[in-house]
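Please read these numbers as outputs of a predicted model, since none were measured by experiment. Both ligands and their constituent atoms are indexed starting at 1 by order of listing.
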Amino acid sequence: MPNFQRGDPMLLRKYPSVLLIYTGGTIGMIQNPETGALETFNFDHLQNHVPELKLFNYHINTYQFNPPIDSSDMEPTLWAKIVKIIHYNYDRYDGFVILHGTDTMSYTASALSFMLENLTKPVILTGSQLPIGMLRTDGKENLITAIEIAAAKHSDGTPIVPEVCIFFDNLLMRGNRTTKINVEHFDAFKSYNYPALANAGIHINYIEDRIRKPDYSIPLKPHYLFDTNVIVLTLFPGIQENLVSQILNVPGLKAVVLKTFGSGNAPQKEWLVKLLKNAVKRGLVIVNISQCLAGAVEMERYETGIHLLEAGIVSGHDSTVESAITKLMFLLGHGMSPQEVRYRMNNPICGEITL
Ligand code: ASP
């Protein structure tokens with residue numbers, strides 16, 4: 001059985017090969033039978049905890065973060081670390097599975113989708129609501145199917161899913177379209193504005209026309225730069241002028257994701273429009289994202305949206321907050337002018353918005 005043997009390039013070529021990157025999170029935990037406490041386990045011994053993996057005729061290697069992190073501690077330098085690992089191992093594996101805490105998984109999936117330009121291999125993120133070492137865990141199912149998807153190929157040898165995705169609770173979703181919506185149930189993620197790329201039941205049913213088709217002649221181009229001078233500002237009835245003013249005038253601030261009402265509406269208060277207009281004039285990029293999870297911003301639809309458009313605010317279309325904020329950090333990190341960032345927010349990089 002070829003599982004878990006390291007470094008033999010012949011084996012890597014003969015069998016489907018997957019690199020499993022364990023960053024941390026609930027999935028990698030087992031319950032200490034004596035104390036009942038949750039402890040992280042050593043992924044070199046993964047097969048002891050998930051013996052089902054032996055049934056795969058795959059070559060699976062593991063890389064684990066040391067120490068593993070709760071995904072609340074995820075940050076751009078760690079995204080860069082993941083991208084470096086993928087880039088370094090790109091030719092050696094058919095696909096990559098990233099085990100990640102659920103809390104910020106959608107941010108990481110969005111960031112990776114922008115960082116891995118010309119991606120031609122599957123990068124599948126997954127995790128679990130219950131630790132892999134617990135009786136009713138969803139972790140085994142998520143892990144096993146994610147590995148199968150990462151290794152899946154068409155008859156011509158090209159991968160079926162050459163995208164950054166999240167696989168969770170039987171659904172394969174485009175990563176930059178996902179949001180964590182549930183802390184309790186196994187269906188922790190939803191992709192409201194783009195349908196699932198595959199459903200896993202008795203068979204894994206891939207819906208081919210929803211999956212991106214990359215150009216296999218262009219090499220992977222990894223990106224590492226982010227500018228974190230950004231903020232998410234949520235509107236609510238009663239929001240105060242002096243607080244909005246303080247936020248928009250924070251020294252160094254370059255971009256704001258403005259979470260508006262409904263189809264992209266905001267209070268018609270004169271002070272708000274004036275503050276936003278002045279901020280845009282000073283070079284701030286302000287992106288309008290709806291507080292509603294499904295549907296798109298349409299600023300032209302109501303008077304309350306039109307004045308935002310007139311203030312120079314950019315539509316975030318049907319983007320998730322996770323995707324909009326990581327895309328802004330990514331574009332600003334590459335030194336783009338406010339004008340260029342605004343233009344690019346209106347054009348998809350890798351399927352993150354519908355136009
Ligand atoms: N707090 C954990 C994390 O995001 C939750 C999980 O793994 O699902 O790392």
Side-chain angles (χ1 to χ4, degrees), residues 19-32 35-43 45-46 49-50 53 62-83 85-86 96-113 115 123-147 149-150 164-192 196 200 226 228 232 293 320-323 325-326 329:
L19 181 62
L20 200 59
I21 303 168
Y22 173 59
T23 65
T26 301
I27 192 166
M29 295 186 162
I30 46 169
Q31 199 164 27
N32 183 318
T35 63
L38 289 176
E39 296 167 354
T40 50
F41 72 88
N42 184 339
F43 260 72
H45 305 304
L46 179 64
H49 300 286
V50 194
L53 288 175
T62 55
Y63 180 98
Q64 57 179 320
F65 275 34
N66 190 10
I69 58 153
D70 186 287
S71 78
S72 307
D73 287 321
M74 192 45 81
E75 52 182 32
T77 51
L78 297 174
W79 294 335
K81 180 174 169 170
I82 297 171
V83 167
I85 295 166
I86 292 174
F96 301 84
V97 171
I98 301 172
L99 298 179
H100 194 290
T102 54
D103 291 350
T104 63
M105 195 188 292
S106 293
Y107 290 91
T108 298
S110 299
L112 295 184
S113 75
M115 297 166 86
V123 173
I124 314 296
L125 288 97
T126 195
S128 67
Q129 295 286 61
L130 278 177
I132 214 155
M134 282 181 89
L135 214 50
R136 290 174 49 250
T137 185
D138 53 333
K140 281 191 184 186
E141 197 60 47
N142 287 346
L143 171 64
I144 290 167
T145 312
I147 291 174
I149 292 168
V164 177
C165 294
I166 287 185
F167 178 77
F168 221 91
D169 193 38
N170 294 325
L171 282 184
L172 182 71
M173 294 160 276
R174 177 168 293 159
N176 57 29
R177 293 293 194 145
T178 61
T179 298
K180 183 174 177 182
I181 50 106
N182 206 320
V183 289
E184 169 72 17
H185 295 149
F186 289 152
D187 59 342
F189 291 90
K190 281 269 185 293
S191 166
Y192 286 103
F226 283 89
T228 53
V232 179
L293 291 168
T320 62
V321 171
E322 294 87 334
S323 169
I325 199 81
T326 50
M329 290 195 283

Candidates L99, D103, V183, T104; heavy atom nearest atom 1 (N) of ligand 1 found on D103
Counting from 1 in the order shown, the ligand 1 atoms closer than 4.0 Å to a non-hydrogen atom of G25 are 7 (O), 9 (O)
Could you give the distance from [atom1] ([X]) to [atom2] ([Y]), rounded to the nearest 0.5 Å?
X	Y	atom1	atom2	value
L99	N142	CG	CG	9.5 Å
M173	F167	CE	CZ	8.0 Å
I27	M105	CD1	CE	7.5 Å

(message) Hydrogens and angles aside, do T26 and S128 bring a side-chain donor and acceptor to less than 3.5 Å of each other?
(response) no
Looking only at side chains, do S71 and T104 share a donor and an acceptor under 3.5 Å apart?
yes
So for ligand 1, is [X] a polar contact partner (N or O within less than 3.5 Å, distance only)?
X	result
K180	no
Q129	no
S72	no

When T108, I124, L112 are each screened for side-chain contact (heavy atoms from CB on, under 4.5 Å) with I98, the one that passes is L112
For [atom], which protein heavy atom lies nearest, and how many Å away is it?
atom	value
atom 6 (C) of ligand 1	T26 OG1, 3.0 Å
atom 2 (C) of ligand 1	D70 OD2, 3.5 Å
atom 8 (O) of ligand 1	T102 OG1, 2.4 Å
atom 9 (O) of ligand 1	S71 N, 2.7 Å

S128 touching ligand 1 at heavy-atom level, < 4.0 angstrom: yes
M115 versus F226: any side-chain heavy-atom pair under 4.5 Å?
yes
